[in-house]
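All values below come from the heavy atoms of this structure, side chains included, with hydrogens, waters and symmetry mates left out. Worth saying up front: this structure is predicted, and the values here are computed from it rather than measured.
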Amino acid sequence: MRRGQRVRGWWARTWAGYEEGAEEGGSERPLAGYAVLMGSYAAMVGALGVAVRRRGGVAGRPAAGDLALLAVATFQVSRTLSKDAVLSPLRAPFTTYQGPAGPGEVTEAPRPGPVRHAVGELVTCPFCVAQWAGTVGLASLAFFPRTTRWVTAGVSAVAAADVLQLGYARLRQAAE
């Protein structure tokens with residue numbers, strides 16, 4: 001069997017299992033998977049620290065405005081990555097579909113297996129994804145401050161628009 005056929009077969013099985021909601025991870029505690037994720041995060045932070053040091057350090061602390069934009073952007077990015085229905089194909093190898101969770105969002109459960117379950121828990125938890133997204137955002141601010149300010153401002157605007165959309169929908173419901 002050629003590699004392309006194997007990949008298509010794997011993807012077809014993954015997609016079918018995702019849509020069926022099969023293979024729910026249950027109460028499995030995948031300590032080996034958690035160790036892999038902790039090691040990956042530590043390696044990422046270490047590599048970023050070395051890169052910042054080689055670059056000559058960072059000029060002082062981030063400004064309060066930068067931190068505010070980064071906080072809102074981290075919220076929005078982590079929510080989008082972990083719950084957005086359109087991004088389900090990115091999470092499907094590690095999760096199965098369980099049902100809708102609100103406007104444009106889904107509920108998913110981790111698949112079994114030590115690493116798949118641990119990654120499934122990570123990618124479906126906005127609080128967990130926020131740790132990784134915030135770290136990447138802070139590093140981005142250290143290396144590319146201007147670009148990061150623009151990106152975080154844009155993502156923060158999307159977060160504000162989401163709040164306004166939900167508020168508007170609630171006001172319409174209350175008026176009916």
Side-chain angles (χ1 to χ4, degrees), residues 7-28 30 33-34 36-38 40-41 44 62 65-113 115-141 144 146-176:
V7 169
R8 281 191 297 278
W10 170 83
W11 183 248
R13 288 188 308 279
T14 297
W15 193 258
Y18 178 83
E19 289 180 341
E20 294 167 8
E23 300 179 348
E24 186 174 344
S27 61
E28 182 180 349
Y34 293 158
V36 167
L37 287 177
M38 287 188 319
S40 299
Y41 182 79
M44 178 183 76
D66 288 335
L67 289 178
L69 281 176
L70 184 59
V72 175
T74 297
F75 163 79
Q76 182 65 29
V77 165
S78 65
R79 189 96 201 154
T80 300
L81 289 174
S82 64
K83 297 291 182 185
D84 195 280
V86 175
L87 295 182
S88 294
L90 299 177
R91 298 184 302 269
F94 309 101
T95 64
T96 59
Y97 177 75
Q98 301 298 300
E105 294 189 348
V106 295
T107 300
E108 297 164 321
R111 291 182 185 262
V115 175
R116 283 177 74 181
H117 184 106
V119 173
E121 282 186 7
L122 172 68
V123 299
T124 59
C125 171
F127 299 99
C128 305
V129 173
Q131 178 74 33
W132 293 68
T135 301
V136 169
L138 192 59
S140 180
L141 192 58
F144 314 105
R146 253 182 113 176
T147 303
T148 302
R149 286 184 188 108
W150 274 95
V151 170
T152 56
V155 175
S156 295
V158 171
D162 284 355
V163 168
L164 292 171
Q165 293 288 358
L166 292 170
Y168 179 77
R170 289 235 171 142
L171 287 172
R172 285 192 54 117
Q173 283 178 340
E176 292 175 358

Is any side-chain heavy atom of [X] closer than 4.5 Å to a side-chain heavy atom of [Y]?
X      : Y      : result
Thr107 : Pro100 : no
Val129 : Ser82  : yes
Pro110 : Glu121 : yes
Arg91  : Val106 : yes

For the residue pair [X] and [Y], what are the closest heavy atoms and their distance?
X      : Y     : answer
Pro89  : Pro93 : O-CD, 3.6 Å
Leu141 : Pro62 : CD2-CB, 3.9 Å
Ala130 : Ser78 : N-CB, 3.5 Å
Ala118 : Gly33 : CB-C, 3.5 Å

Provide the full list of salt bridge (charged side-chain N to carboxylate O under 4.0 Å, His left out) pairs with a residue in residues 73-89, sequence neighbours left out, each pair given once.
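The answer is Arg79-Glu105.
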
Can you list every salt bridge (charged side-chain N to carboxylate O under 4.0 Å, His left out) pair that touches residues 123-132, not counting sequence neighbours?
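Qualifying pairs: none.
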
By side chain to side chain contact (heavy atoms under 4.5 Å, CB included), which residues pair with Val77, not counting sequence neighbours?
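Result, side chain to side chain contact (heavy atoms under 4.5 Å, CB included) vs Val77: Leu81, Ala133, Val155.
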
Could I get the full list of ring-ring contact (aromatic ring centres under 6.0 Å, His included) partners for Tyr41, not counting sequence neighbours?
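In terms of ring-ring contact (aromatic ring centres under 6.0 Å, His included), with neighbours along the sequence ignored, Tyr41 is linked to Trp132.
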
Determine, stepwise, if the pair Met44 / Thr135 fulfils side chain to side chain contact (heavy atoms under 4.5 Å, CB included).
CA-CA 9 Å; Met44 178 183 76; Thr135 301; 3.8 Å; yes

Pair Gln98-Thr96, side chain to side chain contact (heavy atoms under 4.5 Å, CB included): steps then yes or no:
CA-CA 6 Å; Gln98 301 298 300; Thr96 59; 3.0 Å; yes

Tabulate below the donor-acceptor pairs under 3.5 Å that side-chain atoms of residues 160-176 make, not counting sequence neighbours, or state none.
unit_1, atom_1, unit_2, atom_2, d
Asp162, OD2, Gln76, NE2, 3.0
Tyr168, OH, Arg172, NH1, 3.4

Is the backbone N or O of Arg111 less than 3.5 Å from a side-chain atom of Arg116, with the two atoms forming a donor-acceptor pair by type?
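Checking the backbone N and O of Arg111 against the side chain of Arg116, no donor-acceptor pair under 3.5 Å is found.
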
Are the side chain of Thr147 and the backbone of Phe144 linked by a donor-acceptor contact shorter than 3.5 Å?
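No; judged by distance alone, with no hydrogens or angles, the pair does not exist.
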
Please name all residues satisfying side chain to side chain donor-acceptor pair (under 3.5 Å) with Ser140, sequence neighbours left out, ordered by chain then number.
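Ser140 satisfies side chain to side chain donor-acceptor pair (under 3.5 Å) with Thr148 only.
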
Would you mind writing out the side-chain donor-acceptor pairs for residues 65-74 within the sub-3.5 Å range, not counting sequence neighbours?
unit_1, atom_1, unit_2, atom_2, d
Asp66, OD1, Arg149, NE, 2.8
Asp66, OD2, Arg149, NE, 3.3
Asp66, OD2, Arg149, NH2, 3.1
Thr74, OG1, Leu70, O, 2.7

